[in-house]
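Side chains are part of it too, since the values below use all heavy atoms of this structure and drop only hydrogens, waters and symmetry mates. Here is how names work: the chains are called A, B, and so on, in the same order as the sequence lines, proteins then strands, and each is numbered from 1.
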Amino acid sequence: MNQSGNLLIFILLSSLLPGLIIFSLPEKSHRIRTILNLGGALTKLSLILLMILGIYQGFYYEFRWTLFPGTDLVLNADPLSALFATLSAVLWLLTTIYAIGYLEQSPNRSRFFGYFSLCVSVTVGIALAGNLLTFLIFYEMLTLTTYPLVIHRGTPEAMAAGRVYLCYTLGGGAAFMAGVAWLTALVGPLNFHVDGLLLPVVETHRVSLTLIFILLIGGVGVKAALFPLHGWLPRAMVAPAPVSALLHAVAVVKAGVFGIIRIVHDIYSIDLASQLGLLFPLSLLTSLTILYGSWRALQEDDLKRRLAYSTISQVSYIALGISLAHPLAAMGGLVHLVHQGIMKITLFFCAGNLAETLGIHRISEMNGVARRMPLTMAAFSIGALGMIGLPPLAGFVSKWYLGLGALAADQGWVIVILITSTLLNALYFLPIVHHAWFSSQEHPWPTRKAGKLEAHWMLLLPSLITAFLVLIIGLLANSEMSPMAWARLIMNKESLQ
Amino acid sequence: MIEPASLAPWLIIIPLAGGLLAFLLPSRSVLIGLSATVANGLLALAITFYSINTIPLEYALGGWPPPAGILLRIDGLTLVMLTMTAITGLAISIYAQGYFPARIGSGNGVSRHGPQQDFFWPLWLMLLAGLNGLFLAGDLFNLYVTLEVTALAAVALTALSGKHTSEVAALRYLLVSLLGSLSYLFGTVLLYRACHVLHLATLGALIVSSPVVWSGLALITVGLLLKTALFPMHFWLPPAHVNALTPVSAILSALVIKASFYLIFRFWGDVFMRILPLGGYSLLGGLGAAAVLWGGIQALRQKRLKMLIAYSTVAQLGYLFIALPIIRHDAGPSSRFALVYLIISHAGAKAAMFLAAGNVFLHFGHDRINELAGVKDALPMTSFALAVAGVSLMGLPPSGGFIGKWLLLTASFASGQWWWGIILIAGSLLAVAYIYRVVRHLFTKAPGPSSGKRQVARTMEASSLFLAVLSLVMGIFAPLVSKLIASDAVSLASLLAGVVP
Amino acid sequence: MTGINFQSGLHILLLSSGAGLPLLFVLFLWWRPCRKTVYALLPLTTLPALLIVLFVPSEVVVEVPWFFMGGRMGIDPIGRAFLFFTALVWCFSTLFGQASLSDDPNRYRFFGYFLVAMAGNFGLILAQDGLGFYLFFAMMSFAAYGLIIHDDTPEALRAGRIYLGLVIIGEVLLFAALLMIAGMAPGLLFSTGQPGTGGALLFVLLFLGFGIKAGALPVHFWLPLAHPVAPTAASAVLSGAMIKAGLLGWLRFYPLGLSNPGDYGEIVIVLGLIAAFYGVVVGLGQREAKTVLAYSSISQMGLMTILTGCAMLTPTYRATIFSVIALYAIHHGLAKSTLFLGTGLLKSSKNQYSQRCWLTAGLIFIALTLAGFPFTSGAMVKTALKNVSGSLAPPWSGILHLLLPLTAVATMVLMVHFFTVMPTGKASSSKRKQWREMLAWGAGLLGVVAGLRLWPEAARFHYGILDSAVLWNGLWPILMGSVIGWLIHRMALRAEKESIFELPPGDIVGVEGYWNQRKIIPWFTSIQQTPPGDTQIFGTPGFISFFSKYQGELGKREKILMRWKVIGILYLTLCLCLIVLFAFY
Amino acid sequence: MNGGLTGMKKRKQSMKGKFKRKDWQFATLTSLLIATLVTFLCWAILKEPPGEDLTAEALAPLFVQSGVTSPVTAILLNFRGYDTLLEVMVLFLAGLGIWSQATVDPTNPLVFSSPATHPTKPNFHGPGPELILATLVRILIPLMVLVAGYLTWAGGFQAGGAFQGGALLGGAGILLILAEPQRISTIPPALIRFGIVLGPAIFLLVGVSCFGYGGNFLQYPQPGAGSWLLLIEFGAAISIGITLTTLFVGGRPDPKRLKGTDQP
């Protein structure tokens, strides 16, 4: 018990310690930093895999530390946290490789990698948080550790974006904190693994519970980029590509959505939330976000911003799945947590590749780029098609379960949303793919060095791996090791409880 | 085995002796000062360590029991305050050890800075003695004396920089202090007239509400409010804190202010809680709320870093007052714990901020917020300290400030006083805004070549970073502190029940 | 034991390589070093599919639970028929394309998409569950985009755009339909035999979703746009094989999803009838041979749609009608693809008179086949069609009895028109290449002649008997059609036009001005430059400007608080306040 | 331009008027508040008789053990000796504070405006006041020191004590400075520091040495507590005297100037 709790601490430390050491390293010690980065990433991944094995075998991991009587910091590992933690760890490993390649010559690398590691530690902390307070703590820390990454370039533009970012996220954090405090005051400490927490007060505090729900969802909704709280995300695109990749695929937005899942499922419970009539408005809001994000993405010429709006739209799928109050839809949502992460990170990796290798930032500059960088664009296309939801890519699987759940929950209108969103997705992704592959080149590009790959291998490899993952987790969605299976496990466990 | 209570007088003896010695031997003042603060630190830790299971303790000075003699009283709150003072003080001392030589070496000549160093140490040690005495005192009049020691030393320290502005500020501070002290003294007299007891615990048990007691408590409270610089009587604080020498600013903001607040907390949250009117709590809370907002807004419009930090103190003091009504209505110990946590984390963070600001000033020769770009390259540790301390002031996790705010927030909701919670959150957001004004420059490069003049000693940077990190990871000590405060709550409950402890 | 295991292993291998081998080839095609070798071996990719048709028994079902969402592959009777002609069409087209594109700079890209589409086409036939079908269907549809726009001409791009738009719409419609069906039939297995519970909505979704591929009426317009612009090999598979995938989709999903397909059978029949004539009429207005062929496909697909409707109306005969549809599909698939190949060949055979003669002769034969000339497969399917229509309930049997011969007439008219707009050789190519193309075409022709005869199920329909009635029934529509076609041609000549009336290809897309793509689909043009910032509901600037506005005021207030007088008053007031509070406590 | 000037003048005048009116309002308000507060205080005190002093009875037997017979001294130095220790420290702090702030140049005529230091100043009155002062000082100082000593000693059994004695000593010091500033300025600063520290230091040392006798801090060993108290009193008196004197001077002697005076 105690020992297994320590495993969780080690998981956190495996990136925290390298991060702290990296801070103190001088700028030049490239090699040590690389070793630390990769070593930390690999260690974390293997520890998490160890943990998953344990969960499979029925171990229960918990780390509890009493802050104050009645107020504990709790880390524990349930399948849901394992899902998110694994996602973070895998993508962190890839992004680290990518970032090492991406930032090869740029200044402030120690700072960058330091915060980068902290950011991942915190994300995994969010995943492993066992009660709402612990979640809150890590959630706020995430803001702090990502801010320096957003403004890494230090340009006025980046600073402005950073300011907006802070405004949104800290404002959201404050609302969230108020909500959590209120709820704690009502019912005491809020563990994610105890059922029926709110049942005793439902009758007497209906209005309070509703208001708290609004506060909580508003709080995490900022990070999850729910409309109208999404404004920070496109602006945060000034960050370097690895940051956009990790931030937008995993860390920040997912933390928000993960929070929504935790709140709806583990704090309020589906039954209670629907009894209070909270889920339908939430599903409306997420649907609106899905459509709005896609619509705005259509109008962007800047590749990364288009991807950002796409993220806004796609991330809401997850929340939509949760809010439909049906296990199938929830499964779709959960699995989209992973799928969207991998797909979007692929896209960002590729966008970064283009920017770094050819200096391409705009979609209008991408004509014929696939001839110059076929592998990158192949990865990009797979990611994009996955986003649209073509079978057998990952995106389809999540969409499928979402749709099934929506129908099973008698909410056919969601299908219309899904369809519209798919069409919009196609509208903003397919032209990119088309132009990249079929149009002819308009601008001269730096010539390729003979005998070399189309881009630095550290930039190329992660995007290829993630693209491959997009394909494979879709293709093998029904196998036992797929995220889908894991999501099913989570939902089964939940429905058993 | 050492009797933990018998260590208590040494907390006064050591700084006093150190102060006298440092005055007597100016050339050795640094050494004496440092060793005294180190000894004080060790002692405070030792007492906390030894007495954690046996509090509350009492120590009869001169062997006389009350009502004749004076008791030193050690309970959880005392221990926390003592330890906080000792550790923060130690870090500030280490900073000062590097600070004065840096100033002396900076070319203005020995004329001003040499004597500053010579007098800083004795004054600071006397101040430390006063603070320790204040926290240990269990006697209404003795509290007055220690308050005086503290105030005089603080005023002298404020004026130490010798600049005109600081002299003006110090004079203002002196007058305020005197008014506050006198008010306190008058109140004490009135209370004594009513009860003929000076021993606090006995007084708390004996006291009955009557017009004399009302006026006594009112005078004591308002006097202390004046000294604590609660809005709208904070006017003296920013100039005094800003114009003082850096270590002094840190001492004033982190510790001295806490001394008078400690008394308010003692009286309002403990000894006289039984008879104080609910409306009074709301009044203090309301003023605290106003302080949070006003201080935050004023901090936002400052152009100088130290000024911003000073107004931040005004705002942060507001939190402490907001806690009072919550404590009054909260049954459990968590709101007391929250308040204590706010006090200590603010001490660490604010001291760290002032020290860091001092480093910046020393390096650039100014502390204009908008020209701080590039500070990160010149003073990496300092800028990190600024950021980390800022996080604690904002009350973001995992800082101690967060824990305090969180518990207070929960308690405010739990006791049905959600409006205080909203103020807390609004204050945090304001804090974010003004800290952000500083922190964002830590990530930008200087437009031109670094305009820095002087190298800042590593110890100076390290001590500010130490304090900042301490306030950030203060959660580690939470179980310890909570144990201390929880034991207080037990004795408080018996006090409220009317039983003399 | 081992033998059985070996055999079943072989079946599994064959079934999975049906779609797997083409995909494997794609990978190697990408890899530069072995491109050339792979290119030479391209026709091999259709081999597994043909072998499946020949050797894998119907009861073999390969379950791959881990694949996608539970894969299930196998070959049932309908599937076998479809795979039969599909594999042949792809085989001929591959041979043809391999030759005709041998000096195209983008040939590897082309065959990449070609093979993916092929894999999709085979896969969807083999799939025994809805999601598998959908997966391969999507794969095929999207890959076909690469085939259509291969030439990079503006027309090709426009056609591709419209095609892709329709494909995506079709995909989402099918997605919704599948979701609905999945709610009724868990696992979406085709072999359940249980009718679903779907209603009109599901019918519409399915009809349109597959109709887009099958060229059904309201959504047919991409066909005449796409077929002419694609390379010949691509047009052949598009019109010969892929178009039937939509048909197969109907056959697979109507019984699975609809609770009472009969309700919609009449609609389907009507739509099919309209399509059968509409295709001809609009086709007569075209000037491009391949476009005419595309409209012919629409018309022919209309006939198959009618058959589908018949199957829906009479569930008892469903199996029989399905096999008739399969026969029709075989017949039309082989014939139409060979027509396309021949047309392509004609285009590239300048100055080679003898070759053109042979070609024209062959094409005429196929045209006659299509129109149902006796002894050809056309006659056979016409007979079968007539039998089917005879089994319908009263009004429809009569109507069809009347109209079906007329469709044959119409087909013949269109074929005549086709020959009048037959392309003259425009470009000449190397002899070797032409020989290889001819070879491919010849193989196709052979398929048209013999394909259906080889098909065991065709034996049920006696069409080869020298019966005067049968002969007459087969001949009069052809004669009539030829006469009408000739007359129309004459009229056109007199009017000094190539055809009597001219219609832009893709009729409704081209005719209606407001269908302007640029307005409806913000495709390329609507990308705006980055708008200045997003909606910042909690944006900072507002707050900051507000703050700076009142900054001076705040400073003044703070100064007031610094006065001693004020402090004194505050001190006194506070004291009194506290006392008062005490007093009222 | 003219108009502008007059405008400004007008505004100034109006501002002045405004301020005046405001001042008046302030004054009224303040006096009203003060009146209310004072009235209330008086009413409260008069209304309520002082509470019963139970402690006095409890204290009575303790005085015997205090080592002194004067109750005031017993309370000040023994029962509440800790308070007194801190008060002594307050005084020390006052001196410290002044010294930290300012330096005094003993040779500066403006600081020591005694006639003796003004040789250039024309002297119209023959043997001027400086002579009278000097004579007075010569007679008075020993007497004052003597009385101070007595007062301090007497504190043990009657009114008196260190503060009284110290005050007298301080007076003596001030006289001395007024009379012979030059000579005073030659006293080495270290000695003055020692004098200032002496009293507090003795007090503290005595308090600490009580530990040696097994007591608490400031728990004087029982037989002979009186003599300990006397020691403290004398030390305190000396330091109080010196501190008061230095307070009068208003700063620490400037070391540079001192050197300068040594060298001429």
(request) Please name all residues satisfying side-chain hydrogen bond (donor to acceptor under 3.5 Å, both in side chains) with Tyr82(D), sequence neighbours left out, ordered by chain then number. (result) none

(request) For each of Ile579(C), Val566(C), Thr573(C), tally heavy-atom pairs with chain D at distances under 4.5 Å, and name the one with the top tally. (result) Ile579(C)

(message) Can you tell me if Tyr108(C) has over 12 outside heavy atoms packed within less than 6.0 Å of its OH?
(response) yes

(message) Please output the residues of residues 33-44 of chain D in contact with chain C, using a heavy-atom cutoff of under 4.5 Å, in numerical order.
(response) Leu33(D), Ile34(D), Thr36(D), Leu37(D), Phe40(D)

